[in-house]
Amino acid sequence: MAKSSSLNVRVVEGRALPAKDVSGSSDPYCIVKVDDEVVARTATIWRSLSPFWGEEYTVHLPLDFHHLAFYVLDEDTVGHDDIIGKISLSREAITADPRGIDSWINLSRVDPDAEVQGEICLAVQMLEDVRGCCLRCHVLQARDLAPRDISGTSDPFARVFWGSQSLETSTIKKTRFPHWDEVLELREMPGSPSPLRVELWDWDMVGKNDFLGMVEFPPQVLQHNPPNGWFRLQPFPRAEKDSGGSLGALRLKVRLTEDCVLPSQHYQPLRELLMESVLGPAEGPRPPLLPPVLVQEDAASPLAVLEELTSGDCRQELATKLVKLFLGQGLTGPFLDYLTRREVARTTDPNTLFRSNSLASKSMEQFMKLVGMPYLHEVLRPVINRVFEERKYMELDPCKMDLGRTRRISFKGAPSEEHVREASLGLLTGYLGPIVDTIVGSVGRCPPTMRLAFKQLRQCVEERFPQAEHEDVKYLAISGFLFLRFFAPAILTPKLFDLRDQHADPQTSRSLLLLAKAVQSIGNLGQQLGQGKELWMAPLHPFLLQSISRVRDFLDQLVDVDGKEEAGGPARALVPPSVTVREGYLLKRKEEPAGLATRFAFKKRYFRLSGETLSYSKSPEWQMHSSIPVSHIRAVERVDEGAFQLPHVMQVVTQDGAGALHTTYLQCKNVNELNQWVSALRKASAPNPDKLASCHPGAFRSGHWTCCLQAERSASGCSRTHSAVTLGDWSDPLDPDAETQMVYRQLLLGRDRLRMKFLEDSNMHTSLEADPEQGSRAMEGACTDALARQREAAAHLLEVLADLDQAHEEFQQQEQGKVVWGPLRP
């Protein structure tokens, strides 16, 4: 039984931050760490004491983590960045409320003695001899200690306390992965039993030594289960001082999702029920208008229950899991058709169709992101890159025009509002033109599954609203998803759609907002033009109206597709192996020369990653390139900064046909790019066998490893690998078992309601016949038959959920039976 764990983190905003610059402001950004490893860095918000970030991250974790930390820093152009404060959340604090954390939290000061990390390996024995009781503490090694010296390493030694006695190990210079292998013996002194405490310190020639962490074991543990193994280092126990808000606060949303995933066969009955939900209605013709009772006939199906239960963020997460589950089965077409038909049947006003965040709307939205992201990148990236690189000033709203700013740019005196408006209009149409041209010319590049889904959507809407006055509804249904929920949000926030590595600055953000509004107006087919508060957009209306007719033709061509999506079949990859999932310039270390005078040199190369290869060349257009088969990758890990005296370096460890290991070192521009490349490479190589359990986070230089100082190049790794720690995004691989497990958990929330509604409500049958004007006998018969089918479906679903409950209980009992009670950890 595997354990699935994911951490959802949203850094929303800050308030009342202290000023760190002479200007009386700060340039704050936030670093997010999971167990002392940086997983994300927000954008820098310049000149603000109340920054808004709105950045969201999902981190997949295979093992239980211990704590999550947020550090707020002030970016400085010269010198080191200033630390403003931190927030530390333990795993217990996050899981105290199943809904997670969503609140303002005060920043606290950073205490160096509390900034500990790493583990220590100990083997303790309690011995008796003629002289009394003796404690033998074998201090073997430590790993991943905090760097305390300017070189990015430490000079660690261990100090062992038992009662009034203490002994020290030797000091190992310049390493975060020391190997002592020393045995320290301490004699018991008269008095009550004493705990064992092992402290790690960084030795300094000048000044006091720096604390690295400690572990402590109470007397009863020493007597009954003497410590033997790896133990996580802890800070000195002390109450955390509350700054009282003097350092400001962050608004955070944090939620931990943990679950145990059973073997696949246990989920098959629930998967079959889900598939039957969408395949059942597809058998035979469907009338365009159904009686209200028959519309609700499948109210006891799993999808109908989920639709009723979920809301908000939970609905979006569920929609993603359902889309991926049906993608793996080759049934996204029937799935989306089922949800949209239910929604359309309930809609009486076509102007409100798909405007709410229903399960149907969210599922279509997530489907586009999962299937259409490469298409989106191909369509929008060139223009988005132009906007970021050119940084032109554009503004149509007279209330927001900065005439002085325009004068500073042009050096031609203060222009009038009319001049600014005309210049901005020319720039906007200069960007919008290529966007519209690319979109309307992209029919052949749109994924076939998206085109089929839009075709089914259009047919469904045409059946429901066939009247001539509703001619536009069939277009608006598609453009509402494609333009309003896909293209426009990607233009507004390119970073969230992986179009850019960083958020835009305020000026570029305003330009993107104007472009997004224009694309949104085109997606609305001009229905809102000239209405509302944004009449200042009027100069752009002629261009928008000209584009609308082209968009109609584009939508007609988009749904003009033959063929049906394959039903059933084995699960397949979300992204085809040949598709590039990440590309860009990286610095690659040249192969190490054989001579004694080893020099490390990094050369700029353009890398492309697909599910098959990691290839690189001098430039994107360069014909000759080298490649590394993804199937050869055995580990992808970060490299200590001290290995090459360079930041943001990662290593890709591969194995050739002869079994020999080779390491390729790559340097990224920043920590976010590093995290994204590491995550993408780990996902691409996830199916590979024989993954390495450990590796060296340093480099082999001058006859030894820079991390652990071992002299053999073939020495086993000194640090654990983290192959399953990845960032969640649209390219996450399909996992039918984990997806079905999440659906099962959601269904459990509505089990009691389902039982009461269909199996225990005795008034349900009589309510159908309460109104003498209800209808004919035929309708009454149809109602009775529908109710009987609902009861049968509800009973079947409850039975499947009960079987899964029992399977989870049995596996938990098996796991508890395997537990061997070992040493208690502090």
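Just so we're clear, the structure is a prediction, and the values are computed from it rather than from any experiment. Sequential numbering from 1 along the given sequence is applied to the chain's residues.
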Thr44 versus Glu75, side-chain donor and acceptor atoms under 3.5 Å | yes
Can you check side chain to side chain contact (heavy atoms under 4.5 Å, CB included) on Leu727 and Thr58, steps first, answer last?
-> CA-CA 6 Å; Leu727 294 175; Thr58 298; over 6 Å; no
Donor + acceptor pair across side chains of Tyr29, Asp74 (<3.5 Å) | no
Is it true that the NZ or CZ of Arg500 lies under 6.0 Å from the centre of Phe388's six-membered ring and within 45 degrees of the ring axis?
-> yes
Give the C-alpha distance, both sets of side-chain angles, the deciding distance and a yes or no for side chain to side chain contact (heavy atoms under 4.5 Å, CB included) between Ser619 and Tyr585.
-> CA-CA 8 Å; Ser619 68; Tyr585 279 105; 3.9 Å; yes
Any sub-3.5 Å donor-acceptor pair from Arg682's side-chain atoms to Val636's backbone N or O?
-> yes
Answer yes or no: is there an ion pair linking Asp102 with Arg10, defined by an N-O contact shorter than 4.0 Å?
-> no
Under 3.5 Å, side chain of Thr347 to main-chain N/O of Pro350, donor-acceptor pair present?
-> no
Looking at Glu56 and Lys253, does any basic side-chain N land under 4.0 Å from a carboxylate oxygen?
-> no
Measuring from Asn385:CG to Leu499:CG, what's the distance to the nearest 0.5 Å?
-> 8.0 Å
Would you mind checking if Arg464 and Glu343 are paired as a salt bridge, meaning a charged N to carboxylate O distance below 4.0 Å?
-> no
Basic-acidic side-chain contact under 4.0 Å: Arg421, Glu418 | yes
Is there a side chain to side chain contact (heavy atoms under 4.5 Å, CB included) between Glu13 and Leu250 once you walk through the steps?
-> CA-CA 6 Å; Glu13 58 184 322; Leu250 292 184; over 6 Å; no
Given Arg582 and Asp498, is the salt bridge (Lys or Arg N to Asp or Glu O under 4.0 Å) satisfied, shown in steps?
-> CA-CA 10 Å; Arg582 187 154 193 86; Asp498 205 22; 3.7 Å; yes
Val436 and Arg550: which non-hydrogen atoms are nearest, and at how many Å?
-> CG1-NH1, 3.9 Å
Would you tell me whether Thr42 and Glu55 have side-chain atoms, one donor and one acceptor, within less than 3.5 Å of each other?
-> no
Residues Glu462, Arg458: salt bridge by 4.0 Å N-O rule | yes
Looking only at heavy atoms, which two atoms of His60 and Ser6 are closest? And how far apart?
-> ND1-CB, 3.7 Å
Donor-acceptor pair, side chain of Asp76 and main chain of Val78, under 3.5 angstrom | no
So, for Leu425 and Pro539, which heavy atoms are closest and what is the spacing to 0.1 Å?
-> CD1-O, 3.5 Å
Hey, mind stepping through Arg41 and Asn675 against side chain to side chain donor-acceptor pair (under 3.5 Å) and telling me if it holds?
-> CA-CA 10 Å; Arg41 180 201 190 275; Asn675 289 331; over 6 Å; no
Do we get Arg608 above Tyr616's six-membered ring, with its NZ or CZ under 6.0 Å from the centre and within 45° of the axis?
-> no
Establish, yes or no, whether a centroid distance under 6.0 Å links the rings of Phe354 and Phe481.
-> yes
Decide yes or no for Ile84 and Leu73: does some side-chain heavy atom of the first lie under 4.5 Å from some side-chain heavy atom of the second?
-> no
Residues Arg255, Glu317; criterion salt bridge (Lys or Arg N to Asp or Glu O under 4.0 Å); working and verdict = CA-CA 12 Å; Arg255 182 163 57 91; Glu317 183 181 1; 3.0 Å; yes
Return yes if some donor-acceptor pair links the side-chain N/O of Thr429 with the main-chain N/O of Gly426 below 3.5 Å, else return no.
-> yes
Determine whether more than 12 heavy atoms belonging to other residues, nucleotides or ligands lie under 6.0 Å from atom CH2 of Trp104.
-> yes
NE2 (His648) and SG (Cys668) are apart, to the nearest 0.5 Å, by 8.5 Å
Do the side chain of Gln667 and the main chain of Phe602 share a donor and acceptor less than 3.5 angstrom apart?
-> no
CE (Met394) and CE (Met401) are apart, to the nearest 0.5 Å, by 12.5 Å
Distance-only side-chain donor-acceptor flag, Glu390 / Tyr431, under 3.5 Å | yes
So, is the end of the Lys33 side chain (NZ or CZ) under 6.0 Å from the ring centre of Tyr71 and within 45° of the ring's axis?
-> yes
Out of Arg391, Arg510, Arg47, which residue meets the salt bridge (charged side-chain N to carboxylate O under 4.0 Å, His left out) rule with Asp505?
-> Arg391
Ser358 versus Ser361, side-chain donor and acceptor atoms under 3.5 Å = yes
Is any NZ, NE, NH1 or NH2 atom of the basic residue among Asp729 and Lys683 found under 4.0 Å from an Asp or Glu carboxylate oxygen of the other?
-> yes
Heavy-atom count around Lys495 NZ within 6.0 Å, excluding the residue itself: above 12?
-> yes
May I ask you to decide if Pro489's main-chain N or O and Thr493's side chain share a donor-acceptor pair within less than 3.5 Å?
-> yes
Do Lys455 side-chain atoms and Val561 backbone N/O form a donor-acceptor pair below 3.5 Å?
-> yes
How many angstroms lie between CZ in Arg315 and CG in Leu322, if you round to the nearest 0.5 Å?
-> 11.5 Å
Measure from NZ or CZ of Arg552 to the centre of the six-membered ring of Tyr475, then state whether that distance is under 6.0 Å and the direction lies within 45° of the axis.
-> yes
CD of Gln316 to OG of Ser363, rounded to nearest 0.5 Å, is 10.5 Å
Decide if atom NZ of Lys669 counts as having more than 12 heavy atoms of other residues, nucleotides or ligands within a radius under 6.0 Å.
-> no
When rounded to the nearest 0.5 angstrom, what is the spacing between CG in Leu380 and OG in Ser442?
-> 9.5 Å
Between Lys474 and Glu471, is the closest basic N to carboxylate O distance under 4.0 Å?
-> yes
Backbone of Phe497 reached by a side-chain donor or acceptor of His377 within 3.5 Å = yes
Short side-chain to backbone donor-acceptor contact, Asn524 and Gly526, under 3.5 Å | no
Checking Thr508 side chain against Ala504 main chain: does a donor-acceptor pair fall under 3.5 Å?
-> no
Look at Lys400 together with Glu395 and state whether they make a salt bridge at an N to O cut-off of under 4.0 Å.
-> no
Derivation of the side chain to side chain contact (heavy atoms under 4.5 Å, CB included) call for Gln456 and Thr340 = CA-CA 9 Å; Gln456 291 175 342; Thr340 53; over 6 Å; no
